[in-house]
Participant: 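Could you have a look at this structure, given as structure tokens, before my questions?
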Amino acid sequence: MRRVRRQKLAELRELGYDPFPYSYPVTHHSSALQGLEDDQFPAEVHIAGRVVSLRRMGKASFAHLQDHQGRQQIYVKRDILGDDIYRDLFGRVDLGDFLGVQGRVFRTRTGEITVEVARMELLAKSLRPLPGVKEKDGTAFDPFEDKEQRYRRRYLDLIANPDVKQVFVRRAQVIRHLRELLDSEGFIEVETPVLQPVYGGASARPFKTYHNTLDQTLYLRIADELYLKRLIIGGFDKVYEIAKNFRNEGMDKSHNPEFTALEFYWAYADYNQAMDFTESLLRSVAESSGGTRLKFQGQELDLAVPFARHSYFEILNKYADKDLSRLDSAGQLNSFAAGRGISLEKDLNYGQALNKLFDLLVEPHLVQPTFIVDYPKALSPLAKTHRSGNADLVERFELFMAGMEFANAFSELNDPLDQRERLEAQAQLRAAGDEEAQPVDEDFLEAQEYGMPPMAGVGIGVDRLVMLLTGQDSIKDVILFPAMRPQQP
RNA sequence: GACUCGGUAGCUCAGCUGGUAGAGCAGUGGCCUUUUAAGCCAUUGGCCGCGGGUUCGAAUCCCGCCCGAGUCACCA
């Protein structure tokens with residue numbers, strides 16, 4: 001099949017047609033003609049697109065050209081186009097080729113608005129056959145649905161499955177709306193390093209790389225946090241970044257090794273203000289993207305309803321049916337878990353064991369938007385100790401919806417001596433085998449010693465937000481090129 | 001990482017308890033000047049994911065591996 005198309009390509013060149021010209025003066029996109037009344041038809045149009053259907057009937061033919069907005073039917077009649085071009089050029093057009101056509105607009109017997117082609121140019125020859133692009137009334141026949149091929153060759157997925165393109169259009173709208181809201185609140189968008197000598201700001205294993213000239217090991221960022229805080233130290237009062245983070249961990253329906261996070265930092269605010277702002281931010285994004293009532297993974301949720309707020313131990317104790325805040329060692333948590341028939345992995349430290357219990361006992365219940373507040377300090381080395389005086393708690397919230405975490409935020413710790421102790425405790429956990437504990441970032445500690453104002457910081461998982469708003473069950477369906485193992489040669 | 005399911009033509013899929021690969025669409029040739037999954041006639045096309053084994057004979061049975069999906073485990 002590829003040989004046949006190469007042959008056509010060669011023949012076209014011999015006949016003097018350029019199969020790969022430089023440009024085409026498009027005047028109308030496919031959607032511009034849809035829904036027009038007959039007396040509104042433009043006198044003449046130039047349209048361009050990929051041939052996705054082709055019905056030849058001897059001396060006349062119909063085809064559809066697909067552009068970024070949809071499909072437009074064209075009518076190609078030999079007596080209008082001319083014998084030579086109809087035979088030599090149009091006769092060698094295949095599904096998948098790009099055409100530019102010029103002509104008048106009319107309505108066919110069956111009512112479809114159609115361009116009658118007076119002039120035709122081949123804009124690009126296609127050498128490989130497309131997967132199933134046949135469709136009627138939006139239903140594809142032999143639809144291209146092999147997930148592996150769709151992810152590996154997303155361009156074919158986008159050509160053959162218009163709904164997929166729509167998801168990514170909405171993704172762009174969601175991100176644009178987040179920017180607009182933050183900009184309008186006076187946040188400044190910044191860019192911070194992807195390549196970092198010391199990674200931090202989250203609990204995760206990093207990707208490691210190497211800079212030849214600097215002769216230095218560098219890590220791909222797992223979070224923007226510590227750089228954005230440096231900017232608040234430097235005098236920006238409100239900053240945000242929408243950026244890729246990289247975590248060297250497993251992949252599943254809600255995890256991709258590189259993912260997009262929004263982080264924003266707000267000087268002089270605390271986590272209560274950040275919580276209110278986060279709630280209104282998400283509600284507003286939902287309103288601008290199809291409404292606050294969402295169906296997601298078989299569950300229905302409504303972001304218009306005020307988000308529930310529960311403290312960490314309040315809700316953990318409820319589902320554990322026991323006051324877990326009184327257990328203060330990994331051993332005690334392990335005994336508790338064993339009593340409930342839950343087997344925790346061996347060698348978990350206190351924080352890991354507690355975190356694990358929360359994930360197992362509580363998270364699945366958090367379907368409607370719920371803020372969990374006031375986390376144990378052991379889980380939150382960058383968050384400020386709770387103002388209530390309880391030295392074991394920090395001012396932190398996480399937002400859960402549909403059993404998944406969407407946001408994480410603190411009243412940020414700004415006491416440099418406290419911060420040093422917490423990071424050093426993390427370093428000890430690392431030394432004890434916790435691969436996700438954070439290393440000490442001396443440069444950051446030094447920056448903090450110059451004085452860091454009180455502030456709130458929030459991180460939001462953008463991919464997950466898009467999943468929620470577009471009803472996609474897998475993160476792979478909101479990332480254009482999700483991570484895949486290399487294909488066998 | 002564990003388990004389950006899957007990988008056959010460009011796409012969607014058949015192929016039963018082993019006998020040497022099939023359909024529709026796409027492609028190619030022919031007919032057809034308002035069709036729309038156009039139609040009619042003819043026809044090309046396959047390391048049956050990879051490697052090994054059993055067998056006279058393997059797409060089919062057995063073992064190993066690769067890739068994907070789902071579930072679980074870990075993380076956002």
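These values consider heavy atoms only, across backbone and side chains, with no hydrogens, waters or symmetry-generated copies.
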Participant: Check whether the ring centres of His68(A) and His29(A) lie less than 6.0 Å apart, and answer yes or no.
Facilitator: yes
Participant: Are Tyr86(A) and Asp79(A) close enough, and set up right, to give a side chain to side chain contact (heavy atoms under 4.5 Å, CB included), and what steps lead you there?
Facilitator: CA-CA 9 Å; Tyr86(A) 193 85; Asp79(A) 292 350; over 6 Å; no
Participant: For Arg152(A) and rG49(B), give me the distance from atom CZ to atom C1', rounded to whole Å.
Facilitator: 12 Å
Participant: Should the side chain of Arg55(A) and the base of rU35(B) be counted as holding a donor-acceptor pair, with the cut-off at 3.5 Å?
Facilitator: yes
Participant: Look at Arg485(A) and rC67(B) and indicate whether a side-chain polar atom (N or O) is within less than 4.0 Å of OP1 or OP2.
Facilitator: yes
Participant: Check whether NZ of the Lys or CZ of the Arg Arg56(A) lies under 6.0 Å from the centre of the six-membered ring of Phe90(A) and within 45 degrees of that ring's axis.
Facilitator: yes
Participant: Arg119(A): what forms a salt bridge (Lys or Arg N to Asp or Glu O under 4.0 Å) with it, not counting sequence neighbours?
Facilitator: none
Participant: What nucleic acid atoms does Phe406(A) come within less than 4.0 Å of, heavy atoms only: base, sugar-phosphate, or nothing?
Facilitator: nothing
Participant: Indicate, with a heavy-atom threshold strictly under 4.0 Å, whether Ser203(A) touches base, sugar-phosphate, or nothing.
Facilitator: sugar-phosphate
Participant: Taking only residues two or more places apart in sequence or in another chain, which ones pass side chain to side chain donor-acceptor pair (under 3.5 Å) with Gln66(A)?
Facilitator: Arg71(A)
Participant: Is any NZ, NE, NH1 or NH2 atom of the basic residue among Asp94(A) and Lys125(A) found under 4.0 Å from an Asp or Glu carboxylate oxygen of the other?
Facilitator: yes
Participant: To the nearest angstrom, how far is Arg153(A) atom CZ from rG68(B) atom C1'?
Facilitator: 14 Å
Participant: If the cut-off is 4.0 Å, is Lys77(A) near the phosphate of rU35(B), judged by side-chain N/O to OP1 or OP2?
Facilitator: no
Participant: Salt bridge check: are Lys244(A) and Glu258(A) linked by an N-O gap of less than 4.0 Å?
Facilitator: yes
Participant: Please report, rounded to the nearest Å, how far the P atom of rG24(B) is from the CZ atom of Phe144(A).
Facilitator: 23 Å
Participant: Below 3.5 Å is the cut-off: list the nitrogen or oxygen pairs between protein and nucleotides 28-30 of chain B, distance only.
Facilitator:
unit_1: rU28(B); atom_1: OP1; unit_2: Lys8(A); atom_2: NZ; d: 2.2

Participant: I want to check one thing: is the phosphate of rU35(B), taken as OP1 and OP2, less than 4.0 Å away from some side-chain N or O of Arg56(A)?
Facilitator: no
Participant: Does Glu363(A) have any salt bridge (Lys or Arg N to Asp or Glu O under 4.0 Å) partners at least two apart in sequence or in another chain, and if so, which?
Facilitator: none
Participant: Base contacts versus sugar-phosphate-only contacts with protein, heavy atoms under 4.0 Å: please encode nucleotides 40-45 of chain B as B, S and - from 5' to 3'.
Facilitator: ------
Participant: Rounded to the nearest angstrom, tell me the gap between atom CZ in Arg87(A) and atom C1' in rU33(B).
Facilitator: 17 Å
Participant: For Tyr271(A), give me all partners under side chain to side chain donor-acceptor pair (under 3.5 Å), at least two apart in sequence or on another chain.
Facilitator: Asp374(A), His386(A)
Participant: Could you check how far CG of Asp252(A) sits from P of rA2(B), rounded to whole Å?
Facilitator: 16 Å
Participant: Taking atom types as they are modelled, would you say the side chain of Glu112(A) forms a donor-acceptor pair with the base of rU35(B) within the 3.5 Å cutoff?
Facilitator: no
